[in-house]
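Presented below is the structure to which this report refers.
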Amino acid sequence: MTQDTLLARASHEEAGTRWWRDAVIYQVYVRSFADSDGDGVGDLPGIRSRLPYLAGLGVDALWLTPFYVSPMADFGYDVADYRDVDPLFGTLADARDLIADAHGHGLRIIVDVVPNHTSDKHAWFQAALAAAPGSPERARYIFRDGRGPEGTEPPNDWESVFGGPAWTRLPDGQWYLHLFASEQPDLNWENPEVHAEFADILTFWLDLGVDGFRVDVAHGMAKAPGLPDVGHANQVEMLGTAVLPYFDQDSVHDIHRAWRRLLDSYDGERIAVAEAWAPTPQRLAHYTRPDELHQAFNFHYLTAAWDADELRQVIEESLATAGEVGAPATWVLSNHDVKRHVTRYGDGEQGLRRARAAALLTLALPGSSYVYQGEELGLPEVLDLPEEFQQDPQRLRGEGAGRDGCRVPLPWDGEEPPFGFGAGAASWLPIPTAWRDLTVAAQTADPASILALYREALRIRRDHPSLSDGELRWEASPPGTLVFVRENGGRRLACAVNTGTRTARVPLNGTPLLASGPIHVAGGHAELPPDTALWWDAEEV
Ligand code: NOJ
């Protein structure tokens, strides 16, 4: 990190600016980041050992996926004890040390909270299983009698996000709801005990020093009164696009308001980001009203095709809807639940070229950006993982639905798998041998690598005043391209992106700063080959 960068970070903090409005937040998928004890699974001390890498990359905060005690039916999104660390990932003392060390590196820590469901091994669910229908123990979850003469039909037609019915029957005849795996029973958020328990869990982690929470299934929790039928099969196709009685109910916002009050009672601007799948950007913006959560992941951007018109439409809509509630927009290209964007954008050389251009587009947009571990290395989805390694419960949805391919551990250095991921001979998912050219070490030695591009883009983003929170101005540009200008403090940065199939000529009124690939500059113009983006320091027009 340069002296200027450190100073910029310090003055940002002294000024008490709302750090999260333009933060770059790096998602650490704990299981696959770095393994300190050689058991093939990433852990908290592993992350701690790699903090210098993350600080040097130039991100502002880390979001850690769940590391709590869990039977790992959904890799930690099935929590058995919210106030302790799973031995696979370390200890509570490791969590404390990691938070302290991260802060020492100028990195904030956001942890995952999973409030829609617990693990079936959670003490509450175990007590509910042992208790009778109608008991207070069962009232913490959603138990119902079945339909049909013998109650042999599920209580309604809801389907699990992972496939199959969302209900499982117990030997005593009652059914319980699980919108995800059957090992993830849904909590009953109409029960005040559940509210009190989660306020206590948040307090526990806030007291430990975390800077915020990523709220899992923030659009879940509240269910429509009476649990009405959806009336359609294949509900997985309706997720995030249609109104469903189990997601995005208006009453869920009361929970977020209460949590915001709790966060605001702490110093240091602790934040929450919603993992919410809402049918429209307008509905998504509800999660970030001034008295609710600070940010919501922008999955509309993630799902947009590599097409200038579509991207522009999503960007405009996202900025407008977030702006209406005074929230920063967020920009997400990949995470641990979706196919990596190098592969979504066409895989191979084309996918990588587009991912490089997308990085410059994303990091120039107003708001907060998320970087999923490995996207800075240009990692593709691993499409040919041997069947015996695949473990994701979402495979129940059918062929190709598993998420293991985006969760393959990071290659750090060396010539052979597991490429410095851990001291052991293997990693929980095998790393392709072809990733020897994609390791952090290999890319650090190559100034043309995508890692070098991310480092430079993040440095410019931090140092260039125009890339802080603020507006965006579109400029006229040829079909298939996007050109916009960011302006602040008397400085302007322009970004041009060519998503088309032909070289595009864009007027260049200033000095090129960074290009995602080879460009040609002559006579006040830049020639951008297909799938290329350029940043320049723009003069006033
Ligand atoms: C969203 C998480 O990102 C995903 O990995 C998990 O399977 C579901 N929520 C259920 O908790």
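We count ligands from 1, going down the list as the structure has it; atoms in each ligand are counted the same way.
Donor-acceptor pairing under 3.5 Å is recorded for the side chains of Thr91 and Asp94. For the 3.5 Å distance criterion, the side chains of Tyr77 and Asn116 fail to qualify, holding no donor opposite an acceptor. Glu269 and Trp20 are linked by a side-chain donor-acceptor pair at a separation below 3.5 angstrom, with hydrogens and angles left out of the test. In this structure, a donor-acceptor pair under 3.5 Å is absent between the side chains of Asp145 and Trp175. For the residue pair Gln27 and Arg214, no side-chain donor N or O sits within less than 3.5 Å of a side-chain acceptor on the partner.
The distance from ligand 1 to the heavy atoms of Arg407 drops below 4.0 Å at these ligand atoms: 5 (O). The contact set between ligand 1 and Arg403, taken as ligand atoms under 4.0 Å from a residue heavy atom, comprises 4 (C), 5 (O), 6 (C), 7 (O). In the vicinity of His117, heavy-atom distances shorter than 4.0 Å reach the ligand 1 atoms 10 (C), 11 (O). Numbered from 1 in the order shown, with element, the atoms of ligand 1 that lie under 4.0 Å from a heavy atom of Phe180 read 8 (C), 10 (C).
Nearest protein heavy-atom neighbour of atom 7 (O) of ligand 1: Asp74 OD2, 2.6 Å. With respect to atom 3 (O) of ligand 1, the closest heavy atom belonging to the protein is Asp337 OD2, 2.5 Å. Atom 9 (N) of ligand 1 has as its closest protein heavy atom Asp216 OD1, 2.8 Å.
Exactly one residue among Pro393, Pro185, Pro71 makes a side-chain contact (heavy atoms from CB on, under 4.5 Å) with Asp78. That residue is Pro71. Here the rule is salt bridge (charged side-chain N to carboxylate O under 4.0 Å, His left out) with Glu292, and of Arg257, Arg261, Arg260 only Arg257 fits it.
Using a 4.0 Å cut-off between heavy atoms, Phe162 contacts ligand 1 through its side chain alone, with no backbone atom that close. Within the 4.0 Å heavy-atom criterion, the part of Val217 lying near ligand 1 is the side chain and not the backbone.
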